[in-house]
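Quick caveat, the model's predicted, so the values are computed rather than measured.
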Amino acid sequence: QVQLVESGGGSVQAGGSLRLSCTVSGTTTSSHSMAWFRQAPGKEREGVAGIPPGGLATYYSDSVKGRFTISRDNAKNTMSLQMNSLKPEDAAMYYCAASAPDRWYFQPPRSGDYPYWGQGIQVTVSS
């Protein structure tokens, strides 16, 4: 059974940084595209960053490009999201997600491409 668990969320002031981590079990991350999504109250879920299995390319939504960095460590079965220059509009529940095996996605992530999800972790940004 594939399980994803997020960690590292919390509260930060605008302009600050947070690092989210996602630990995966039940599969080997090296065969999955991985992604981070977020959802704020009353808004649709947004794919903010994606990384294909090889990790040689990364993809971001326009709203976070230049501020967020996605990375993966296949040896540790983990993925991370470094979030810098946080803004109040970045506040949301953040979710890590994994594709089906051997799916390579070269675009900002779309929810329907990712069947495996973590429970989510809250990020709060105060102004």
Side-chain angles (χ1 to χ4, degrees):
Q1 181 180 0
V2 178
Q3 291 188 322
L4 291 77
V5 179
E6 302 93 342
S7 61
S11 298
V12 65
Q13 288 191 327
S17 298
L18 280 175
R19 185 177 181 87
L20 304 183
S21 295
C22 177
T23 301
V24 182
S25 60
T27 188
T28 303
T29 56
S30 59
S31 63
H32 298 259
S33 285
M34 303 291 295
W36 287 96
F37 292 80
R38 69 185 182 187
Q39 188 167 21
K43 295 188 177 181
E44 292 188 356
R45 186 169 292 184
E46 176 189 17
V48 297
I51 186 167
L56 297 180
T58 54
Y59 302 89
Y60 301 93
S61 65
D62 289 341
S63 61
V64 306
K65 197 173 296 182
R67 299 187 296 120
F68 289 13
T69 302
I70 188 172
S71 61
R72 63 191 299 156
D73 186 339
N74 289 333
K76 296 182 178 179
N77 249 29
T78 61
M79 175 182 65
S80 296
L81 184 69
Q82 178 66 42
M83 306 185 293
N84 297 330
S85 302
L86 282 161
K87 305 176 181 179
E89 53 263 42
D90 293 319
M93 187 73 79
Y94 281 72
Y95 300 88
C96 66
S99 72
D102 300 321
R103 295 291 190 269
W104 293 64
Y105 296 120
F106 299 98
Q107 60 197 12
R110 301 175 300 191
S111 296
D113 291 333
Y114 294 83
Y116 303 112
W117 293 79
Q119 291 297 308
I121 195 162
Q122 184 69 44
V123 171
T124 303
V125 184
S126 58
S127 57

With sequence neighbours excluded, tell me which residues meet ring pair (Phe, Tyr, Trp, His ring centres under 6.0 Å) with Tyr105.
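Expected list: Tyr114.
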Can you list the residues that meet the side-chain hydrogen bond (donor to acceptor under 3.5 Å, both in side chains) rule with [X], with sequence neighbours excluded?
| X | value |
| --- | --- |
| Ser31 | none |
| Asp62 | Lys65 |
| Ser33 | none |
| Thr27 | His32 |

Counting distance only, does the side-chain N/O of [X] pair as donor-acceptor with the main-chain N or O of [Y] below 3.5 Å?
| X | Y | result |
| --- | --- | --- |
| Asn77 | Thr29 | yes |
| Asn74 | Pro53 | yes |
| Glu6 | Cys96 | yes |

Shortest non-hydrogen contact between Ser127 and Pro88, atoms and distance
CB-CG, 3.9 Å
Heavy-atom pair with the smallest gap, counting every atom of Ala49 and Pro109:
O-CG, 3.4 Å
Out of curiosity, Gln1 CD to Ser25 OG, how far, rounded to the nearest 0.5 Å?
8.0 Å
Find the distance between OG (Ser61) and CD (Gln107) and round it off to the nearest 0.5 Å.
13.0 Å
Is Phe106 isolated, or which residues cluster with it under the ILVMFWY side-chain rule of less than 4.5 Å, directly or via members?
Tyr59, Trp104
In the hydrophobic clustering that connects Ile, Leu, Val, Met, Phe, Trp and Tyr at side-chain heavy-atom distances below 4.5 Å, which members other than Val12 occupy its cluster, ordered by chain and number?
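Besides Val12, the hydrophobic cluster comprises Val2, Leu4, Leu18, Leu20, Val24, Met34, Trp36, Val48, Ile51, Tyr60, Val64, Phe68, Ile70, Met79, Leu81, Met83, Leu86, Tyr94, Tyr116, Ile121, Val123, Val125, listed by chain and residue number.
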For Ser126, which residues count as a side-chain contact (heavy atoms from CB on, under 4.5 Å) partner, sequence neighbours excluded?
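side-chain contact (heavy atoms from CB on, under 4.5 Å) list for Ser126, sorted by chain: Gln13.
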In sequence, state the C-alpha distance, the side-chain angles, and the governing distance for Ser80 and Arg19, and then conclude on side chain to side chain contact (heavy atoms under 4.5 Å, CB included).
CA-CA 7 Å; Ser80 296; Arg19 185 177 181 87; 3.5 Å; yes
Under the salt bridge (charged side-chain N to carboxylate O under 4.0 Å, His left out) definition, can you give me all pairs with a residue in [range], not counting sequence neighbours?
| range | result |
| --- | --- |
| residues 93-102 | none |
| residues 66-80 | Arg67-Asp90 |
| residues 42-58 | Arg38-Glu46 |
| residues 106-127 | Arg110-Asp113 |

